[in-house]
Amino acid sequence: MHTRYLLSVMTAIVVTGCAGGAATPPSATDAGIAAKAEAMLKASFKARGQAGLDRLDQDETQRVCSALANKPPPREIAEKIERANLAMIKWPADGKLLGDWKNGEKIAQEGRGKQYSDDPAGPVGANCYACHQIAPQEVSYGTIGPSLYRFAKVRGYGPEIQKYAYGKVFNSDAYAACTTMPRFGHNGILTEQQMKDVVALLMDPESPVNK
Amino acid sequence: MRSHHRRAAQGVAALFILAAATALGQGSPVDEIAKYRAALQDGNPAELWEARGEDMWKQARGPKKASLERCDLGLGPGVVKGAYSELPKYFADADRVQDLETRLVWCMVTQQGYTEADAKKNPFGAGNDKKADMEALVAYVTSESRGIRMNVPQSHPKEQEAYRIGEKIFYYRGGPHDFGCATCHGDDGKRIRLQDLPNLTKVDGARKAYTTWPAYRVSQGELRSFQWRLNDCFRQQRFPELEFASDASIALTMFLARNANGAEFDAPAIKR
Amino acid sequence: MADPMKIRANVVGDTTEVKVLMSHEMETGQRKDAQGKTIPAWHIQTVNATWNGKTVLSAQWGPAVAKNPFLSFKFKGGAKGDKVQITWTDTRGDTRTDEATIG
């Protein structure tokens, strides 16, 4: 199962980190420090609003990617993370992947959602413009992620690209292990309809993205 | 046909806007923000906090009716000048690494007789009717390190451990967005919307960022400290709330402050 | 009583430059709180500056002036040691006067 693969991968990273030399006190080893850091983190936060302490519990992907500390994952670790995350994608039951691009633009602009300062009943967006250039009319865009301007124009409008776009929004780690992009579907940030609307923003020929 | 005309019209419109912008002497949106910041430098409202903080430092307060003038910030009792440039550091009397706010809480408790809960309550101000004493004290103490080179120590084992733990926390990804500090601050030349992001994993980025906090945040209308900056980052990372002057906040500050060593401290500053 | 102003005054040649930082909420009266209620206006309405008792600047401010306002102005005259006094009054009827010596 994918969990066992990732656990063995994580052990491999930790063992490599502590290779060689005389006995080091547990706290001084990398694994020791990591354990202390996690414990300290959990003791230094308090639940507030919709953000409970459970948000500090890491899943396997978060754990492995944190241990890599910004270094790109080695090929076989990357493949294992991508395979494990791809297997967890839930595709729409009706097989339709395209929604309303006008709503997609609103979702891309909306920066609220999931913060403890946000109303849990309030709007939840994907905040895409924080990291991406998308529609050309919006000049206030970030550069943490690549430009998505002309997304379908460049890649094609067919079902394969639609599937890739939906999958990427649902779970970006399925395509790029340890990506900085949130897993909007997997972590329950966006609803299925919202994700379809975002896909439409990227894929609809009428969307300003492709004009 | 129609779409061709629209594209042509858009092209013309774009050229017109570019021409108009150049005529007005406007650069990119990021350049304009830099100009706005330069214009704000004169008359930094942070000075109002510095003045209030200095009064507070010298005032006899708390159940013991004592001032903070015997508070040891690491360079001896009452020595404020240069103290911030060497924080966080290990303090023998507390037997732990402490940052400025933690040390101020320590002095408020041991010398002024406040309870730790009272000293830590209301750390971040919200308007003239809800001022935070802590922010005023931080403004004053940090202003006395302006122009001094960062020199955070790494000699005590607890200082070294705090740094390593802070580094782990920096890379810790969690919450529904899988965010960690490194998500935004681990790369060169990136920005979120139009806000440039310093790469805190590199000395250059850490120096530029750490030496300009605390700062008067115009959008907040308040003097904001580094503790506030960490707290607000975690809120936006979709984490639960970082406790004020908590161990994790000290470790993270140790990691970032030490990375800034060698740079001239230039705060309280002013930011958007 | 409102927080004191920070005033700096320096003479260069025959001109004195005065810089004042005021502590004030400067609520415009156009903002709404989380419940949708308008937050009432509360801002400085008049500013008066004197040099050795003589008025050198008189201003009427409205809601467009920012929170914690910074005012900078020059006047002909002034010598080291002279007194410059700034007074503001606001929409609540509060007032604050602070003085500085020209350096």
Side-chain angles (χ1 to χ4, degrees), chain A residues 27-28 30 33-38 40-59 61-63 65-70 111 113-118 127 129-131 136 139-145 172-173 178-184 187-189 211, chain B residues 3 6-7 10 14 17 28-30 157 160-187 189-197 199 201 230 232 234-252:
Chain A
S27 64
D30 193 72
I33 293 289
K36 272 199 168 181
E38 186 169 343
M40 188 182 282
L41 206 59
K42 290 179 176 178
S44 297
F45 279 79
K46 61 180 182 238
R48 185 168 162 182
Q50 59 179 288
L53 287 175
D54 59 300
R55 289 191 179 186
L56 296 174
D57 295 333
Q58 292 179 312
D59 70 3
T61 301
Q62 290 170 336
R63 194 176 292 280
C65 296
S66 299
L68 286 161
N70 245 30
K114 298 292 183 188
Q115 296 167 117
Y116 58 70
S117 52
D118 291 323
N127 205 13
Y129 282 104
C131 300
V139 297
S140 290
Y141 61 84
T143 56
I144 298 174
S172 188
D173 282 273
C178 301
T179 174
T180 50
M181 177 163 156
R183 293 174 286 173
F184 292 102
N187 284 335
I189 300 165
K211 289 220 156 278
Chain B
S3 60
R6 199 179 309 150
R7 228 176 293 137
Q10 276 180 346
I17 291 164
S28 70
V30 176
Q160 292 157 11
E161 190 184 69
Y163 180 88
R164 290 182 69 194
I165 291 175
E167 185 174 28
K168 282 289 174 204
I169 292 174
F170 184 87
Y171 289 109
Y172 193 90
R173 300 184 67 175
H177 283 52
D178 302 330
F179 284 163
C181 311
T183 305
C184 289
H185 292 291
D187 237 332
K190 296 283 161 74
R191 61 172 201 248
I192 181 168
R193 285 279 188 164
L194 292 182
Q195 174 68 63
D196 288 327
L197 295 163
N199 183 349
T201 65
L230 294 176
D232 212 49
F234 280 115
R235 177 182 66 84
Q236 293 172 300
Q237 281 171 238
R238 277 64 181 177
F239 276 42
E241 186 173 13
L242 177 69
E243 300 232 38
F244 177 72
S246 57
D247 286 342
S249 70
I250 298 168
L252 203 42

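All of these numbers come straight from a predicted model, not from anything done at the bench. Here is how names work: the chains are called A, B, and so on, in the same order as the sequence lines, proteins then strands, and each is numbered from 1.
- Distance OG1/A:Thr143 to CG/B:Asp196: 8.0 Å, rounded to 0.5 Å.
- Looking at residues two or more places apart in sequence or on another chain, you find a disulfide (SG to SG under 2.5 Å) between A:Cys65 and A:Cys178.
- Heavy atoms closer than 4.5 Å to chain B are found nowhere in A:Asp54, neither backbone nor side chain.
- Annotation: side chain of A:Tyr116 is not in contact with side chain of B:Pro240 (no heavy-atom distance under 4.5 Å).
- Of all the listed residues (A:Pro136, A:Gly145, A:Ser117), the one sharing the greatest number of non-hydrogen pairs under 4.5 Å with chain B is A:Ser117.
- Most heavy-atom pairs under 4.5 Å with chain A, from the set B:Cys184, B:Ser246, B:Ala245: that is B:Ser246.
- The candidate from B:Glu243, B:Gln160, B:Glu241 with the greatest count of non-hydrogen atom pairs under 4.5 Å with chain A is B:Glu241.
- Counting all heavy atoms, side chain and backbone alike, B:Phe239 lies closest to A:Ala51 at O-CB, 3.7 Å.
- For the residue pair A:Asn187 and B:Gly175, the shortest heavy atom distance occurs at ND2-O, 4.3 Å.
- Minimum heavy-atom separation, B:Pro176 to A:Lys114: CG-CB, 4.3 Å.
- Taking OG of A:Ser44 as the reference point, atom CG of B:Leu252 lies at 10.0 Å (rounded to 0.5 Å).
- For B:Phe244, no part lies near chain A; criterion is any non-hydrogen pair under 4.5 Å.
- The part of B:Ala251 that comes within reach of chain A is its side chain, from C-beta onward, which places non-hydrogen atoms under 4.5 angstrom from that chain.
- Listed for the B:Arg193 side chain is a donor-acceptor partner under 3.5 Å among the backbone atoms of A:Ser140.
- When atom types are taken as modelled, the side chain of A:Arg183 and the backbone of B:Asp178 share no donor-acceptor pair closer than 3.5 angstrom.
- The line from CD1 of B:Ile165 to CE of A:Met40 is 4.0 Å long, rounded to the nearest 0.5 Å.
- No donor-acceptor pair closer than 3.5 Å links the side chain of A:Thr180 to the backbone N or O of B:Thr183.
- For A:Ala34, the parts sitting under 4.5 Å from any heavy atom of chain B are the backbone and the side chain alike.
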Worked check of side-chain contact (heavy atoms from CB on, under 4.5 Å) between A:Ile144 and B:Leu197: CA-CA 9 Å; A:Ile144 298 174; B:Leu197 295 163; 3.6 Å; yes

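- With rounding to the nearest 0.5 angstrom, the CG atom of A:Asn70 is 12.0 Å from the NE2 atom of B:His185.
- For the atom pair CG of A:Asn127 and CD of B:Gln236, the computed distance is 9.5 Å after rounding to the nearest 0.5 Å.
- With a 4.5 Å cut-off on non-hydrogen atoms, B:Phe234 touches chain A through its side chain but not through its backbone.
- Top candidate by heavy-atom pairs under 4.5 Å with chain B, chosen from A:Tyr129, A:Phe184, A:Phe45, is A:Phe45.
- Not counting sequence neighbours, the partners of B:Lys168 by the salt bridge (charged side-chain N to carboxylate O under 4.0 Å, His left out) test are A:Asp30.
- For the atom pair CE of A:Met181 and CZ of B:Phe179, the computed distance is 10.5 Å after rounding to the nearest 0.5 Å.
- The closest donor-acceptor contact from the side chain of B:Arg238 to the backbone of A:Gly113 lies under 3.5 Å.
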side-chain contact (heavy atoms from CB on, under 4.5 Å) between B:Glu161 and A:Ile33, intermediate numbers included: CA-CA 8 Å; B:Glu161 190 184 69; A:Ile33 293 289; 4.0 Å; yes

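- Looking at A:Leu53, the atoms closer than 4.5 Å to chain B (heavy atoms on both sides) sit in the backbone and in the side chain alike.
- With a 6.0 Å cutoff to the six-membered ring centre and a 45° limit on the axis angle, B:Arg191 counts as a cation-pi contact of A:Tyr141.
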